[in-house]
Structure formats: C-alpha cells, structure tokens
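Read the structure below first, then the notes.
Just follow the structure's listing: the first ligand is 1, and inside any ligand the first atom is 1. All values below were derived from every heavy atom in this structure, side-chain atoms included, with hydrogens, water molecules and symmetry-related copies excluded.
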Amino acid sequence: MANTRSLLVLPGDGIGPEVMGEVRRVIDWMDRKRDIHFDLSEGLVGGAAIDAEGKPISAETVARAKAADAILFGSVGGPKWDNQPFDNRPEIGILELRKQLGLFANLRPAVVLDPLVDASTLKPDVVRGLDIMIVREATGGIYFGEPRGVETLPDGQQRGFNTESYSTHEIERVARVAFDLARHRQNRVCSVEKANVMESGLLWRQVVTALAAREYPDVDLSHMYADNCAMQLVRNPRQFDVIVTGNLFGDLLSDLASMLTGSLGMLPSATLGAVDATGKRPALYEPIHGSAPDIAGKGVANPMAQMLSFAMLLRFSFGLEAEAALIERACTNVLASGLRTADLMSQGTAKVGTHVMGDAVLRELDKLNG
Ligand code: IPM
Ligand code: MG
C-alpha cells in the first residue's frame with residue numbers, strides 16, 4: 001500500500017453508533033471496490049466514554065485523535081447523562097476535541113438536493129437549488145471565553161456569566177477559510193455578527209473588512225447582523241453563498257439552515273485546523289444532527305448525514321474528490337428513487353429504516369461504479 005490513511009472513528013451516543021455502522025459498510029466498500037484503504041481504529045466519546053472510562057473523553061483518545069489523519073465523529077449526549085456534573089457532561093467530548101486539536105473552522109454546508117425539495121417546510125420555490133456554506137468559528141467566542149462561571153453574590157443570589165471574545169488572529173484565520181472557499185464557489189462572503197451591540201462584533205467587522213481589502217479584493221463581501229441573518233435565511237436563503245460567523249451564532253444559524261434542506265438528518269460538517277509544519281491539517285467530520293435520543297436504538301435514523309460527513313472527509317483530508325462525489329451521487333439517487341427514512345417522509349415515498357437505507361446506498365454505489 002502506497003500510503004496509509006489513519007482514521008479514528010468515534011461513534012459516541014444515541015443514534016451515533018447506528019448511523020456509523022452504515023458508514024463502516026461504505027468504508028469497507030471503498031476498500032474492496034476502489035482500492036481506498038484506511039488504517040481504522042475506534043474510540044469512545046461522550047456518554048459512552050463516561051460510562052466506560054469515567055470522563056467524556058480520555059487523554060488517550062485525545063492523543064489518538066491528534067495522531068490520526070482524520071476523525072469521523074458521530075454525536076454525543078442524551079438524557080442518561082443529564083445528572084452529570086457540568087464539567088463532566090458528554091458535550092465536553094466534542095468541545096475538547098475542537099479545542100485540543102485547534103479545529104477552528106467548522107464548515108457546515110446546507111444544500112437542497114432536488115429529490116428533497118418537497119421535504120423542506122419552506123416553499124419549493126424558495127429553497128430549490130439552495131447551496132450555502134456556513135463557516136462557523138469553533139474554538140473561540142462565548143463557548144470558551146474567560147471569565148466564565150456561576151458565582152454567589154453578596155445578597156445570596158447567584159449569577160451565571162460567560163464571555164464573548166475574539167482576537168484579530170482568531171477572526172482572520174476563520175475569515176480566510178471563508179474567503180478561500182468562496183473563490184471556488186460564487187465568490188461571495190457574508191460576515192455575520194452583532195456589531196450594533198457587541199464590541200467583539202465591532203472588531204469582527206473591522207478585521208474582516210480590512211482582511212478583504214488586503215488579501216481578497218476580488219471577493220464580494222457583505223455584512224449582516226445575526227438576527228437579520230436568521231430572518232433572511234428563512235425569507236430568501238438563496239441570497240447567500242458563504243456565511244462566516246462566530247461560534248454561538250454559527251451554532252444557531254446552522255441548525256436553522258439545516259431545516260431549509262428538509263431534515264437535520266441530511267447535513268454533514270467538517271471542522272478543520274491549521275496546517276502544521278509537516279503539512280498535516282487536523283480535521284474532524286461529523287453530522288450536524290445530535291444524538292437524537294428519542295429515536296436511538298430503533299433503527300430508524302437517517303444515516304446520510306454521517307455518510308456525507310465521510311464524503312467530506314474523503315474530499316478535504318485526502319483529496320479523493322471522485323470517491324466523495326460517488327457517495328454524494330449515490331445518496332441523491334437513492335432519495336430520487338423514493339426511499340426515505342422517517343425524518344424525510346413525504347407523499348409518494350417509501351419509508352425504510354437505517355440499515356435498508358445503507359443497503360440502498362451500497363447498491364447504488366455498485367451501480368455507479370460500473
Ligand atoms: C453542534 C452541537 C455542539 C455545539 C454541542 C453538542 C456541544 O450543537 O456541533 O452544533 O454546540 O457546538
Ligand atoms: Mg449545534
């Protein structure tokens with residue numbers, strides 16, 4: 001084998017293991033049919049790691065994540081761990097990985113596939129052909145800002161507080177990712193903050209504007225307040241190409257954008273770090289849906305967001321564009337054939353479970369591969 005590609009798979013909680021099971025079949029398929037080999041290992045994260053190892057992610061798993069070429073992540077959390085202390089909750093698993101690996105740029109595409117144009121709660125005319133990319137900053141902002149905590153005031157009341165903070169460097173590096181992506185798309189970037197209320201937003205706007213003038217004069221840059229952006233995403237989402245925003249606004253806006261496409265169960269994401277001295281770029285791939293505890297273990301979850309996350313992994317971490325496109329085309333064709341998991345049901349379609357959906361994607365891969 002010419003070069004090994006090391007992959008750490010972290011299925012996590014809830015529907016994570018089920019949908020990852022279907023992706024494992026796609027990984028095997030790539031091995032058998034396309035000669036694409038992975039040196040694959042699995043680890044625990046989130047509630048599963050709390051149960052087995054006492055914490056949401058062990059130092060050993062973080063070390064393995066750092067050593068891997070790419071990480072394929074499922075989802076974390078669930079009611080079972082609601083009573084965990086705040087600093088030992090399952091979500092720490094993903095937050096630690098982002099922080100420790102410096103995964104600052106979270107790419108969340110929202111694409112409306114033709115067969116799903118009727119699955120959106122918005123009118124087909126509003127969402128048909130939609131293709132936007134949200135670039136969410138993922139290692140800073142109010143998620144990580146200091147000071148943070150809960151304190152007791154002199155009068156006995158409590159006060160909870162967090163800090164929104166962004167430095168020039170943090171803003172520039174994520175904005176560069178957005179501008180670079182835009183150049184391969186429609187060349188438009190909309191930068192989103194609350195510069196009308198927050199100093200961190202004001203700085204964000206100034207830094208993005210200066211960077212565009214200096215390094216990206218060819219890219220069409222606009223600015224929008226986050227509340228207006230939420231409204232515009234529902235009113236006329238196709239006005240956007242690339243959106244770049246901070247951690248919290250990006251969390252909210254990407255959930256919102258996902259529903260434009262019909263289901264949270266369809267959307268993958270990539271979270272990328274900086275290229276290091278050896279040329280390696282840390283990268284983690286995860287669906288944007290959560291662990292969906294209400295349907296976990298029932299075999300009804302949609303595996304496509306996890307499969308499409310693997311497609312992003314092939315494209316961004318290994319330059320395997322043809323294989324990434326194969327998976328994407330296979331998913332689209334299966335949906336076009338009328339098969340749907342429960343999250344995507346509409347009139348005239350046939351409801352299938354997670355595993356049958358996996359079967360269908362594999363069959364379609366075979367067909368496309370000739
Ligand atoms: C996401 C999730 C996470 C986040 C949670 C699980 C910590 O909602 O990836 O969007 O808030 O970033
Ligand atoms: Mg979220």
*Proximity winner for atom 8 (O) of ligand 1, if only heavy atoms of Asp251, Thr271, Leu248 are counted*: Asp251
_What protein heavy atom lies closest to atom 4 (C) of ligand 1? Include the residue and the distance to one decimal._
Tyr143 OH, 3.5 Å
Taking only Lys NZ, Arg NE, NH1 and NH2, and the carboxylate oxygens of Asp or Glu, determine whether [X] and [Y] approach each other closer than 4.0 Å.
{"X": "Glu137", "Y": "Arg98", "value": "no"}
{"X": "Arg315", "Y": "Glu328", "value": "yes"}
{"X": "Asp39", "Y": "Arg5", "value": "no"}

*Taking Asn247 as the fixed residue, which of Arg136, Glu164, Glu170 is the one that meets the side-chain hydrogen bond (donor to acceptor under 3.5 Å, both in side chains) rule?*
Arg136
*Are the side chain of Arg176 and the backbone N or O of Ile171 linked by a donor-acceptor pair below 3.5 Å?*
no
_Nearest to the Mg ion (ligand 2) - the N/O/S atom of Asp251, by atom name_ = OD1
Those atoms of ligand 1 less than 4.0 Å from some heavy atom in [X]:
{"X": "Glu91", "answer": "6 (C), 7 (C)"}
{"X": "Arg136", "answer": "1 (C), 4 (C), 9 (O), 10 (O), 11 (O), 12 (O)"}
{"X": "Arg108", "answer": "1 (C), 9 (O), 10 (O)"}

_Can you confirm whether the side chains of Gln158 and Glu151 place a donor and an acceptor under 3.5 Å from each other?_
no
_Heteroatom distance test (Arg98, ligand 1): nitrogen or oxygen, under 3.5 angstrom_ = yes
*Is Asp255 close enough to the Mg ion (ligand 2) to have an N, O or S atom under 2.8 Å?*
no
